[in-house]
Amino acid sequence: VYPAARAAASVAPGRLSDTLGLHGPCVSYDTACSAALAASHAGLRALQLAECNVGLVVGVTLVLAPGVGTSFAIAGMTSARGRSHTFDARADGYARGEAIGGVVLSCGDGVLRLLGSAVRQDGRSASLTAPNGQAQQGLLVAALQDASTAVDALTLNEAHGTGTALGDPIEAGSLLAAVLLAREGPLTVGSIKANIGHAEPAAGMTGLLKLALGLRVGEAAPNAQLRALNTKVWALLQPPMAQARGASESSPPARLVLP
């Protein structure tokens, strides 16, 4: 039975529920890079609808064969430098990463509170991988509304930040339109992909865990690859809207702060 079921994505979460004796909704999500966050969104909704009182959300990405990575490299999606240079002038694609991470969601008092969530689709865009800025803006607004949170209450934004010449400026523009222009005070922006690469389906979980850790210690981690700000991002935000220390590959990592 195991060889026959190994290709079915539905089997893995079912085995977890079987092992742990879980009876709530049991679903496997494949929404590419957003899979782990789409699953956490569903977990939050299941709690809010009283479908369960505890939820386990897990994101997993393992690179076990070179075929997919080779295809991505041929398509020009991955970085020739082997790094995700998030918001950096050297952005030339992303580096693939592996990750296994999870969170437990509950209705009781926890370490941190997940106030709200939102899921949106790009709709029409320029290509399969090109993001839609207006859809991103709508997602940010919807998430803030669902969390009943004002933009001025934000202190840290964990960006998608793949480190691509196209995606980073679009994301910065979406953040500018939906958040920065409607608030006062600085906002620190980062992405874990600059530190560990793009974990693809598990990427959202790695970002969520990094964000949770930063909130617990009260400090934002530096962007490991940020030396000189991407010129397209800089032109979009306009000085002094963006500040990034360092201007060479030998400089220490910087934090991107958007006043």
Test salt bridge (charged side-chain N to carboxylate O under 4.0 Å, His left out) applied to [X] - qualifying residues, sequence neighbours left out:
| X | answer |
| --- | --- |
| R45 | D146 |
| D18 | R15 |
| R96 | E200 |
| D122 | none |

Within the side chain of [X], is there an N or O that forms a donor-acceptor pair under 3.5 Å with the backbone of [Y]?
| X | Y | answer |
| --- | --- | --- |
| S17 | G14 | no |
| D88 | A228 | yes |
| E184 | D152 | no |
| R183 | P186 | yes |
| T61 | E98 | no |

Do Y29 and V27 touch side chain to side chain, with heavy atoms closer than 4.5 Å?
-> yes
Run the side-chain donor-acceptor check on residues 52-59: report pairs under 3.5 Å with partners two or more places apart or on a different chain.
none

Quick one: side chains of residues 161-168, donor-acceptor pairs under 3.5 Å with protein atoms, not counting sequence neighbours, listed by atom name and distance.
| unit_1 | atom_1 | unit_2 | atom_2 | d |
| --- | --- | --- | --- | --- |
| T162 | OG1 | T164 | OG1 | 3.3 |
| T164 | OG1 | G167 | N | 2.9 |
| D168 | OD1 | G163 | N | 3.2 |
| D168 | OD2 | F87 | N | 2.7 |

List, one per line, each side-chain donor-acceptor pair under 3.5 Å for residues 31-42, sequence neighbours excluded.
| unit_1 | atom_1 | unit_2 | atom_2 | d |
| --- | --- | --- | --- | --- |
| T31 | OG1 | S34 | O | 3.4 |
| T31 | OG1 | S34 | OG | 2.8 |
| T31 | OG1 | A35 | N | 3.0 |
| S34 | OG | T31 | O | 3.0 |
| S40 | OG | L37 | O | 2.8 |
| H41 | ND1 | S117 | OG | 2.8 |

Remaining members of hydrophobic cluster (4.5 Å side-chain criterion), I196 | I192
Keeping to residues at least two apart or across chains, list the side-chain hydrogen bond (donor to acceptor under 3.5 Å, both in side chains) pairs with something in residues 71-80.
-> S79-D92
Name all pairs fulfilling the side-chain hydrogen bond (donor to acceptor under 3.5 Å, both in side chains) condition that reach into residues 130-141, sequence neighbours left out, sorted by first residue then second.
-> Q136-S174
Should the heavy atoms of other residues, nucleotides or ligands under 6.0 Å from CG of L128 be counted, would the total exceed 12?
-> no
How many angstroms lie between CG in L154 and CG in L144, if you round to the nearest 0.5 Å?
-> 5.5 Å
Would you mind listing every salt bridge (Lys or Arg N to Asp or Glu O under 4.0 Å) that reaches into residues 206-216, with sequence neighbours excluded?
-> E158-K210
Sequence neighbours excluded - ring pair (Phe, Tyr, Trp, His ring centres under 6.0 Å) pairs with any residue from residues 166-185 = none
